[in-house]
2 protein chains.
Amino acid sequence: MSARATTRPGGRSARVQQSVHQAVRDLEAEAGRDALTVPLIAARAGVTPSTVYRRWGDLRELLSDVAVERLRPDAPPDDRGSLRADLEAWTVQFAEEMSSTAGRMYIRDALLGDPEQGNAARCSDYAAEQLKAIGVRAAGRGEAVPDVETLLDVVVAPLMYRILFRPSDLSEAYAGRLVAAALGRTAPSPGM
Amino acid sequence: MSARATTRPGGRSARVQQSVHQAVRDLEAEAGRDALTVPLIAARAGVTPSTVYRRWGDLRELLSDVAVERLRPDAPPDDRGSLRADLEAWTVQFAEEMSSTAGRMYIRDALLGDPEQGNAARCSDYAAEQLKAIGVRAAGRGEAVPDVETLLDVVVAPLMYRILFRPSDLSEAYAGRLVAAALGRTAPSPGM
DNA sequence: CAGCCAGACGCTACTTTTTCGCGTTAGGCT
DNA sequence: AGCCTAACGCGAAAAAGTAGCGTCTGGCTG
């Protein structure tokens, strides 16, 4: 039941949501993730704690909402001229972002405070959208395009699994191997 | 820094840990996961809340420890006579257990309350051990054995990814497809 | 355009949880 | 057997979270 843009931008609800989200980001940067509490955030946002509790239920759900926003890709994937190059670039970047300390925190927060798993699903949708965009572009070039579901299984899932369950096991080479496995071993991309 | 068997069995610490863990399991069964609080658990376990806070830090870490225990496999994987059959049986069972409501809760708890990710790594180790056992058995039969790391990537990771990020997307057929992909498309197991 | 109405917020009092300091006890070790 | 450290119990204080009630915003109807 995480709260989201339920009213028009400009309304009071929207203002409250925005200032609370901003307060979370500010305090996280200033005091660190572990120092966050609902009363602290509420004070910074200029609202009363009860408002936060009513809207988000608890700190975890609020952090989950904020984390999902931060995980949203801000641009379509780079165009490197070929499916393989696009996929390799995207995968390496994705792996780097997600396996960073901050990235791992966001993923955990997003998964964590989210009984209905709506936020988790959104994270997956973000990745799927990016992969889809890469696929559409490749199809425009006349390339054979792997299924998005397959890419999620073969590229995204192993990365996430290692990030979540085996924090030490990650490297750029590994990301490259996943892409190679997804596309078949035929000729590794030039430039890599 | 999750607390674990730091002292010998029989010592006071061990008794406290055991009674607290048992209290968690009991209360979870009686009152449900959401009703759990530290004071409640402490009372049930016959210790003071401060003991729990000192030892586990907070409720999430305690639940994480308990969850990992429950995720530990209690028996080696079934022997069905061939690598493919063993792998299929194990995968289907694993998927069922992990995607159940209870299983998902345990996974989330285990991942969640664990800053250093030690418990998460242990979950992965459990799966790796089971796969390893299947592999050793297959090698004894003279079969070619896929790498455990590969199996984690191709079978376990996609299952976990879907369980965590896409709660609706799971079926037994999907589990079977993952195994087929891991072993190559050569002849699906009879009996399936 | 005025006025109504539902939803959201602020405030306050109250309950529960969490922290902290200090004295005590268990159990490992020489 | 006796010491020494780590862990526990207890109680007070601080912090977080809950609940009720009045107020206000802003969308909607007439």
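So you know, we letter chains A, B, ... as the sequences are listed, proteins then strands, and number each from 1. Scope of the values below: all heavy atoms of this structure, side chains included, with no hydrogens, waters or symmetry mates. None of the values given here were measured: they were computed from a predicted structure.
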Please name the pair of heavy atoms, one in A:Asp86 and one in A:Arg141, separated by the smallest distance, quoted to 0.1 Å.
-> OD2-NH2, 3.2 Å
Does a side-chain N or O from B:Tyr53 land closer than 4.0 Å to OP1 or OP2 of C:dT19, or not?
-> no
Within less than 4.0 Å of OP1 or OP2 of D:dC8, is there a side-chain N or O belonging to B:Arg55?
-> yes
Within less than 4.0 Å of OP1 or OP2 of D:dC8, is there a side-chain N or O belonging to B:Thr48?
-> no
For A:Leu164, does its backbone N or O pair with a side-chain atom of B:Gln117 as donor and acceptor, under 3.5 Å?
-> yes
Verify the contact: side-chain N or O of B:Ser50 to OP1 or OP2 of D:dG9, cut-off strictly under 4.0 Å; return yes or no.
-> no
So does A:Gln22 have more than 12 non-hydrogen atoms from other groups sitting under 6.0 Å from CD?
-> yes
Within a strict 4.5 Å, meaning less than it, do heavy atoms of the A:Pro39 and A:Tyr53 side chains meet?
-> yes
B:Arg12 CZ to D:dT5 C1': how many Å, rounded?
-> 12 Å
When you measure from the side chain of A:Ser64 to the backbone N and O of A:Arg60, does any donor-acceptor pair fall under 3.5 Å?
-> no
Quick one: is A:Arg15 getting a side-chain N or O under 4.0 Å of the D:dG26 phosphate, OP1 or OP2?
-> yes
How do A:Thr51 and B:Leu40 order along DNA chain C: which one's closest nucleotide is nearer the 5' end?
-> A:Thr51
Could you check how far CG of A:Leu36 sits from P of D:dA15, rounded to whole Å?
-> 17 Å
Kindly say whether, by distance alone, the side chain of B:Ser13 makes a donor-acceptor pair under 3.5 Å with the base of D:dC8?
-> no
B:Leu59 CG - D:dA16 C1' separation (whole Å) | 15 Å
Considering only heavy side-chain atoms of B:Val47, the closest of D:dC8, D:dG9, C:dG10 is D:dG9
Does B:Arg54 place a side-chain N or O at less than 4.0 Å from the phosphate oxygens OP1/OP2 of D:dA7?
-> no
Interatomic distance, B:Glu61 CD vs C:dT18 C1' [rounded to whole Å] = 14 Å
Whole-Å distance separating the CG atom of B:Asp58 from the C1' atom of D:dA16 = 14 Å
Choose from C:dT17, D:dG17, C:dG27 the nucleotide whose nearest atom is closest to any side-chain atom of A:Pro39.
-> D:dG17
